[in-house]
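Here the structure comes first, spelled out in structure tokens, and everything after it is commentary.
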There are 4 protein chains.
Amino acid sequence: MTSEPPLRADARRNRERILAAACELFREQGTAVALDDIAQRAGVGAGTLYRRFPDRDALIRQVVIDGFGICLAAAESALEEMADPAGALDRLFRRVIEQRERLVLPLAGGPVLQDPRVQQLQHAILDALNGILAAGRAAGVLRDDITAEDLITAAAMACRPMPHLPRETGEALALRHIAVYLHGLRPEGAPPLPATAPSPSDVGRHVALEQQTRQEDS
Amino acid sequence: MTSEPPLRADARRNRERILAAACELFREQGTAVALDDIAQRAGVGAGTLYRRFPDRDALIRQVVIDGFGICLAAAESALEEMADPAGALDRLFRRVIEQRERLVLPLAGGPVLQDPRVQQLQHAILDALNGILAAGRAAGVLRDDITAEDLITAAAMACRPMPHLPRETGEALALRHIAVYLHGLRPEGAPPLPATAPSPSDVGRHVALEQQTRQEDS
Amino acid sequence: MTSEPPLRADARRNRERILAAACELFREQGTAVALDDIAQRAGVGAGTLYRRFPDRDALIRQVVIDGFGICLAAAESALEEMADPAGALDRLFRRVIEQRERLVLPLAGGPVLQDPRVQQLQHAILDALNGILAAGRAAGVLRDDITAEDLITAAAMACRPMPHLPRETGEALALRHIAVYLHGLRPEGAPPLPATAPSPSDVGRHVALEQQTRQEDS
Amino acid sequence: MTSEPPLRADARRNRERILAAACELFREQGTAVALDDIAQRAGVGAGTLYRRFPDRDALIRQVVIDGFGICLAAAESALEEMADPAGALDRLFRRVIEQRERLVLPLAGGPVLQDPRVQQLQHAILDALNGILAAGRAAGVLRDDITAEDLITAAAMACRPMPHLPRETGEALALRHIAVYLHGLRPEGAPPLPATAPSPSDVGRHVALEQQTRQEDS
DNA sequence: GATGAATGAGTTTTCATTCAT
DNA sequence: AATGAATGAAAACTCATTCAT
């Protein structure tokens, strides 16, 4: 999925372990978590972590990219099943929520945004969402004034970590919230929305990042 | 609103400045932000900050309490207007969202929960929300299977910081999201929710805290 | 001598101690010496050192500036005594060598050069040296083809640390070397120099830095 | 020139590359430079470097020995041409300066001195220099009070790295400095030297090491 | 024999907290 | 009471050295 030179088998395994540990700890404790703790949970030395990811930002960036990849796969998968436009969004959100534990998309500020891979993923996600929205509108099952940015906002909200809740409880709350939200997306009797949709240029490169979940504890 | 001994005028002003600066920075950078930075933004010396708040937890706790106070005021205000059950939730969320910039309710772990003031506020909020829900159900404008915990989840989602978006953009996204969500709360044609409501004991002391917005950046 | 806001008395004292310790250790062990060691020799905590000098370069830069200041004072002092052109250079080198223990002028690369204070000092030194040279030439006691850059080179050579020699031995070697060199500067029977003088633009901002002494041990 | 067991062709090539890279980097950045950087500039893996040189000291020692070898060859070569005592020193310094880029003779502390090869080289160099001095004095072209230690000091000064200057500029400055110095060695009108010559026992095992050039940057 | 990945101790740097001014 | 300087413990980061491939 990356275009880097192939790593030795053990190096690749360590890399994966580091990313998995980082994802967990970022969700549990925020991206300010001690990198040594990540290394320890991954079962590697601190030096190994730094060899793969020269600084905290590089590690965050990769975790974010992986998360965007998961989201894109879910979106494209939903797009392929558009024969059933009414159920497409339901399946999309369900899939994303199912994988929420692998999503750490902190608003990491500038560094993340500079990365062309991130921008490419964001665009691809927006494209897929717009395709889904168009099909839903055409089928008359979606209100017209909802944008891809709204969907991303909803997904971001549903996927943010709730580390102090048991996994099942957090997931139940997210699923229930999204079920209500999706019910609200149906066009019947929809009142006008209270604020104009931010244009893509308003949201610009920002919104996709908002899909991120934010963390931090003390 | 608190019952502390009166402070000298300048001391009070410093205290307010510190809390405002802490709120901003907690939302922008997480509760792990350097306390020196808070002191600097507040325009006071580090020593002054420590005089008012003996440690980080005390500062977080006060910011959280202030946030809960805002939420409770909004909920009680909505409860008083229950003559119009259909509009009560709309007004409630609108008020909370309007004041989202003053809400920093991080899951600060144990310390916050120990504080009787926090628990009292949480209970009061739950009571008000249940009152609103009961009225709405009675008026037939709300689906029956929604709980106070669901509402708290929705509010938490809508109020989390989006520091990389312009203030208006973030607010527009939150308002639009909640508008759809509230529309989805109408009972007509509502499909069953996909997960059973976490019971208060499932959520226990946790959910109220989830009303907090989480933070952290790099 | 600096234009910074006045420091508290204790802070100033610590600052001076840090600079003195840094100078000693830079000369003994090179500018790569552990900053903790500098803090320890200065009798302050590591944090104090970092408060005054945010990174190694800032500390090196200040020590370099102080060294340039010493050199400039010696040069201007010599310039004032130009009534005796024959002895001016002798007194200049003698003064600089006397203070060699306070001179740590490592080639610290870009950072130092960017500093306007450094450049100003370099220019002032060059001006003074050119004045001395002009007077010496006019008096017929100096060969014509020697430049200020040559003098700086000679001073740099004489002042470099020789930490493995007793102080007196190192100073004796430097004094003897410069005495021979100065004898060689007299115009009688001087053979042409074997390489054309680097023009100021060749040497540019570099030569003055060469006045620095280089260090390093293992 | 060494009596080590023969290496495979590629191993020998790697060894040479490592020494050349080490020499360059020691001069540029000091002997504290990261060994990984040396391996990288040599185009070999870290493991290969360690196979050849078990630790940093072993590598430094060999570079130093190679440098002393160059100096000794220059001195013995000058000694052979003593038919022209007046030009002998000129040729000697010119040769050493020509090869200054290959000279890295850091005061590596104890370890170097323990090596019998280093001590042997130092003695041989002193012998040759004393031979040259004796011939020059006998021919009346050299002042009497100059010692071999003085010459070593001069050579050390002229050969120290000036990594921030272009190679030609640094060499020009060194050649010009030594030309003046050598002119200053003529006995005519020489004023007494300002400090007594350090006796060999004062300088002891130290001076020869001072032939080394010192390094370190930030 | 060469490679470069992993390790962990050492160094740098930050920052919560205390305290002299 | 306010300030900001000093401290030192903790976290980030580097790099010499070892070792599996």
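Sequence lines set the chain letters: A, B, ... in the order given, protein chains first and strands last, and positions in each chain run from 1.
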OP1 or OP2 of dA5(F) less than 4.0 angstrom from a side-chain nitrogen or oxygen of Asn14(C), does that happen here?
-> no
The helix from dA2(E)-dT21(F) to dT21(E)-dA2(F): angle between terminal helix axes, five bp per end, to the nearest 10 degrees, reads 10°
Residue set satisfying side chain to side chain contact (heavy atoms under 4.5 Å, CB included) with Asp36(B), at least two apart, ordered chain then number -> Ala46(B)
- Check whether any side-chain N or O of Arg15(C) sits under 4.0 Å from OP1 or OP2 of dA5(F), and answer yes or no. no
Asp10(A) meets the salt bridge (Lys or Arg N to Asp or Glu O under 4.0 Å) criterion, sequence neighbours left out, with Arg8(A)
Between Ala11(C) and Thr48(B), whichever has its closest DNA chain F nucleotide further toward 5' is Thr48(B)
Gln29(C) CD to dT11(E) C1', in whole Å, measures 14 Å
Here the residues of residues 37-45 of chain A within 4.0 Å heavy-atom distance, strictly under, of DNA chain E are Val44(A), Gly45(A)
Under 3.5 Å donor-acceptor, Arg27(B) side chain and Leu103(B) backbone
yes
Are more than 12 heavy atoms, taken from residues, nucleotides or ligands other than Glu101(B), located less than 6.0 Å from that residue's CD atom? yes
By salt bridge (Lys or Arg N to Asp or Glu O under 4.0 Å), Glu16(D) pairs with (sequence neighbours left out) none
Atom CZ of Arg17(A) and atom C1' of dT7(E) are separated, to the nearest Å, by 15 Å
| task | Determine yes or no for a side-chain-to-main-chain donor-acceptor pair under 3.5 angstrom, with Arg56(A) supplying the side chain and Val33(A) the backbone. | result | yes
Judged by nearest nucleotide, the residue sitting upstream toward the 5' end of DNA chain F, Ala34(A) or Leu49(B), is Leu49(B)
| request: Under 4.0 Å between any heavy atoms, over every strand shown, what does Arg13(C) touch: base, sugar-phosphate, or nothing? Just pick one. | output: nothing
**Prompt:** Which part of the nucleic acid, if any, lies within reach of Arg12(A) when heavy atoms closer than 4.0 Å are counted: base, sugar-phosphate only, or nothing?
**Reply:** nothing
Separation of dT11(E) atom P from Leu25(C) atom CG, nearest Å, is 13 Å
Between CZ of Arg51(C) and P of dG8(F) the distance, given in whole Å, is 15 Å
Residues passing the side chain to side chain contact (heavy atoms under 4.5 Å, CB included) test with Tyr50(D), sequence neighbours excluded, are Leu35(D)
Is there any protein nitrogen or oxygen under 3.5 Å from a nitrogen or oxygen in nucleotides 17-21 of chain F, and what are the pairs?
{"unit_1": "dT17(F)", "atom_1": "OP2", "unit_2": "Tyr50(D)", "atom_2": "OH", "d": "3.2"}

Separation of dA16(F) atom P from Ile60(D) atom CD1, nearest Å, is 11 Å
By side chain to side chain contact (heavy atoms under 4.5 Å, CB included), Ala58(C) pairs with (sequence neighbours left out) Phe53(C), Pro54(C), Asp55(C), Arg61(C)
By salt bridge (Lys or Arg N to Asp or Glu O under 4.0 Å), Arg52(C) pairs with (sequence neighbours left out) none
message: Any heavy-atom pair between the side chains of Arg117(D) and Gln62(D) that's under 4.5 Å?
response: yes
In whole angstroms, the gap separating P of dT7(E) from CZ of Arg52(A) amounts to 11 Å
Residue pairs meeting salt bridge (Lys or Arg N to Asp or Glu O under 4.0 Å), one or both in residues 40-50 of chain B, sequence neighbours left out, come to Glu24(B)-Arg41(B), Glu28(B)-Arg41(B)
Residues Phe26(B) and Val104(B): closest non-hydrogen pair is CB-CG1, 3.4 Å
